[in-house]
Amino acid sequence: MTKPVEPSDPSEASARDARREALRAAPTVLVSACLLGEACRYDGRSQRSERVLAALEGKAVIPMCPEAAAGLGIPRPPVDLAGGTGVDVWAGRARALTRETREDRTPEFQDGARQALEAAQRFDATVALLKEKSPSCGSQRVYESGVLRPGEGITTALLRADGRTVVSDEDL
Ligand code: SF4
């Protein structure tokens, strides 16, 4: 198992420590289903992470794939954010577009995000552990118009707006 790269910026490092601590203290965690081994990624694969499974030991886990929950299908065309990141999508300044054909999937991504928030609220999960770089689940970096940049996905932005802590699998 490779060790995660620690941030060189001290404020980033302390923010990461705070997220790790929130995860340690949380009895119930909403988790990207692909990290748990569910084959729900756009390419029909999983992203099972032993590090994630170890971090969740003894906790109640709520598996969630916002994109599958929204009926986008498995597999499905990959989607990039365009015009901004997740926060900008909710503000109406950005969209979620299929990478090849530029079809607008924003309503479906927002529907999946709302379903994730509802699940978190129903089970009182104040912390989510989500897959980095996804247009839904990313929390530190996402692809915008094909370029990886700082920012969050559409589900992460909604969970944060509701006061929930989103931990990245790359934080572990
Ligand atoms: S990153 Fe999120 S949306 Fe993508 S497959 Fe995993 S759970 Fe589903």
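All values below come from the heavy atoms of this structure, side chains included, with hydrogens, waters and symmetry mates left out. Indexing begins at 1, ligand by ligand and atom by atom, following the structure's order. Note that the coordinates shown come from a computational prediction; the quantities given were computed from them, not determined experimentally.
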Please confirm whether Ala33 approaches ligand 1 to less than 4.0 Å, judged on its heavy atoms. yes
Under a 4.0 Å heavy-atom limit, does Met64 contact ligand 1 with its side chain, its backbone, both, or neither? backbone
When you compare the side chains of Gln140 and Ser168, does any donor N or O come within less than 3.5 Å of an acceptor on the partner? no
Salt bridge check: are Glu103 and Arg105 linked by an N-O gap of less than 4.0 Å? yes
Distance, nearest 0.5 Å, that separates CZ of Arg149 from CG of Leu81: 9.0 Å
Shortest reach to atom 8 (Fe) of ligand 1 by a heavy atom, considering only Ser136, Gly153, Ser46, Cys65: Cys65
So, Glu21 and Arg19, do they make that salt bridge, N to O below 4.0 Å? no
Hey, are Arg20 and Asp17 close enough for a salt bridge, meaning a charged N less than 4.0 Å from a carboxylate O? yes
Numbered atoms of ligand 1 (with element) below 4.0 Å of Cys34, judged on heavy atoms: 1 (S), 5 (S), 6 (Fe), 7 (S)
For Arg41, counting its heavy atoms only, list the atoms of ligand 1 lying under 4.0 Å from any of them. 5 (S)
Gln115 side chain vs Ala69 backbone, donor-acceptor pair below 3.5 Å: yes
Just heavy atoms, cut-off under 4.0 Å: does Ser134 contact ligand 1 by side chain, backbone, both, or neither? side chain
May I ask you to check whether over 12 heavy atoms, not counting those of Arg24, lie within 6.0 Å of atom CZ? yes
In ligand 1, the atoms that come under 4.0 Å of a heavy atom of Cys137 are 1 (S), 2 (Fe), 3 (S), 7 (S)
Closer than 4.0 Å to some heavy atom of Lys131 - which atoms of ligand 1 meet that? 1 (S)
Does ligand 1 have a heavy atom under 4.0 Å from the side chain of Arg76, from its backbone, from both, or from neither? side chain
